[in-house]
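What follows is one structure encoded as structure tokens, with my remarks underneath.
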Amino acid sequence: MSYIEIRNIFKIFGPDPEGALELARAGSDKDEILTKTGHTVGLHDVSLSIEQGETFVVMGLSGSGKSTLIRHLNRLIDPTAGSVSFGGEDILAMDIPALNAFRRKRLGMVFQRFGLLPHRNVMDNVAYGLEIQGTDRKSREAAASKWIERVGLAGYEAKFPDQLSGGMQQRVGLARALATDPEVLLMDEAFSALDPLIRSDMQDELMKLQAELHKTIVFITHDLDEALKLGDRIAILKDGKLVQVGRPEEIILHPADDYVQAFTRDVNRGRVLRARSVMQRLTPGSERSEDDSNAPVIRDDTRLEDIVSISLKTGQTISVMDRDDNRVGLIDRDQVISALSR
Ligand SMILES: Nc1ncnc2c1ncn2[C@@H]1O[C@H](COP(=O)(O)OP(=O)(O)OP(=O)(O)O)[C@@H](O)[C@H]1O
Ligand SMILES: [Mg+2]
């Protein structure tokens with residue numbers, strides 16, 4: 001079983017969700033249900049398994065159900081049908097005190113509009129979660145200082161949110177979410193309000209932190225480039241339904257339908273595709289057959305954009321090695337061109 005299990009969630013908004021639920025179960029889609037009943041389908045039979053330590057990205061167009069999905073993970077809303085569990089524990093069965101403890105101790109949240117407390121300085125914002133957990137001032141300020149430094153804001157402890165740029169405010173938001181050492185970070189469009197360069201910095205920062213912390217991160221975005229950069233896996237929602245879940249390369253190489261295809265059309269393939277999905281795979285046994293000591297050699301996780309420059313520079317067939325230094329594939333110029341242009 002995976003760490004977070006979302007099973008057959010339906011969420012219907014409106015006064016009589018049960019009637020609409022029956023229609024949804026019988027196969028009616030969001031438009032049909034809205035026309036017939038005036039009810040809005042937020043999620044339609046969504047099941048997902050999220051592994052501990054992975055960065056799981058949820059994407060889709062506006063109104064596809066992304067925020068509705070993440071709100072089921074902190075139980076800001078309850079499903080019309082279905083179940084949600086964390087580490088085998090059914091969060092829908094929790095009473096209010098248990099739910100409050102769950103949110104406080106196990107979840108960290110980062111919001112698009114930063115959600116900082118305007119009358120508290122950086123230190124007190126970052127220490128806030130620990131304060132409501134009852135941690136004494138000295139310990140919580142020590143922990144907060146560590147995170148403030150970690151996100152690059154040392155020296156700004158006494159500043160107030162309105163004295164900081166958007167990027168800096170979101171760093172505070174991230175430090176605050178991490179200060180309680182949560183198991184799971186929920187991030188809903190956390191970087192979407194930032195300028196492109198700052199946004200890219202924050203993505204890098206998050207990836208750096210994640211490489212050390214291995215939190216379970218559920219990250220929502222409507223931006224495919226952001227999804228491909230951050231996500232170990234990506235789920236794509238459309239009209240409340242899950243249309244595809246997969247690794248970035250799977251999404252690019254095998255889009256499930258036209259909706260996903262439309263998302264992937266403008267993607268920079270050079271940055272997403274890796275040697276292992278571009279190469280011509282060698283069958284076991286043939287590894288040593290054509291040893292050419294001058295041939296360029298790369299790892300199987302080398303990005304296509306780097307392969308392009310090696311291929312152009314050397315003009316030779318490139319050998320691809322796996323982590324254990326076995327030659328697993330070959331890439332020649334034709335493969336590079338077809339991977340870029342498909
Ligand atoms: N509280 C609510 N009451 C009624 N309908 C709702 C409510 N919350 C969400 N919806 C509807 O559920 C659907 C999914 O909304 P949701 O906010 O999850 O979309 P989203 O993918 O997060 O969109 P965005 O990218 O614009 O944030 C939409 O059709 C929306 O109108
Ligand atoms: Mg949303």
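Position 1 is the first residue of the sequence; numbering continues from there. The figures that follow rest on heavy atoms only: side chains count, while hydrogens, waters and symmetry mates do not. We count ligands from 1, going down the list as the structure has it; atoms in each ligand are counted the same way.
In the vicinity of T68, heavy-atom distances shorter than 4.0 Å reach the ligand 1 atoms 9 (C), 14 (C), 15 (O), 16 (P), 18 (O). For ligand 1, the atoms sitting less than 4.0 Å from at least one non-hydrogen atom of K30 are 13 (C), 28 (C), 29 (O), numbered in the order shown with element in parentheses. Annotation for ligand 1: atoms under 4.0 Å from non-hydrogen atoms of L61 are 21 (O).
Nearest non-hydrogen protein atom to atom 25 (O) of ligand 1 is K66 NZ, 2.7 Å. In terms of protein heavy-atom proximity, atom 27 (O) of ligand 1 is nearest to S67 OG, 3.9 Å. With hydrogens left out, the protein atom closest to atom 26 (O) of ligand 1 is S62 OG, 2.5 Å, a heavy atom. In terms of protein heavy-atom proximity, atom 8 (N) of ligand 1 is nearest to F13 CZ, 3.4 Å.
We find that R7 and E5 are joined by a salt bridge, their nearest charged nitrogen and carboxylate oxygen being less than 4.0 Å apart. Using a cutoff of 4.0 Å between basic side-chain nitrogens and carboxylate oxygens, D181 and K215 are scored as salt-bridged. Electrostatic pairing of R25 and D45 does not count as a salt bridge here, judged by no charged N lying under 4.0 Å from a carboxylate O.
Between atom CD1 of residue I4 and atom CZ of residue F86 there is a gap of 4.0 Å, rounded to the nearest 0.5 Å. Separation of atoms NZ (K30) and CD1 (I33) is listed at 10.0 Å; rounding is to 0.5 Å. We find the CZ-CZ distance between R106 and R104 to be 13.5 Å, quoted to the nearest 0.5 Å.
Distances shorter than 4.0 angstrom do not occur between any heavy atom of K11 and any atom of ligand 1. The closest approach between I77 and ligand 1 stays at or above 4.0 Å for every heavy atom of the residue.
Only the side chain of T40 comes within contact range of ligand 1, with a heavy atom under 4.0 Å; no backbone atom does. Looking at H222 against ligand 1, nothing comes within 4.0 Å, counting heavy atoms.
Two residues are said to be in side-chain contact when any heavy atoms from C-beta on lie closer than 4.5 Å; E18 and L21 meet this criterion.
Checking G60, G14, G63 against atom 14 (C) of ligand 1, the nearest heavy atom belongs to G63.
For the residue pair E51/S2, the side-chain donor-acceptor check at 3.5 Å is satisfied.
The distance criterion of under 3.5 Å between nitrogen or oxygen atoms is not met by G42 with respect to ligand 1. An N or O contact shorter than 3.5 Å is missing between R71 and ligand 1 by distance.
Scanning all heavy atoms of the two residues, the minimum distance from G129 to T180 falls at C-CG2, 3.6 Å.
Inclusion of T68 in the first shell of the Mg ion (ligand 2) is not supported: no N, O or S atom falls under 2.8 Å.
Checked by atom type and distance alone, the side chain of E22 never pairs as donor or acceptor with a backbone atom of A20 at under 3.5 Å.
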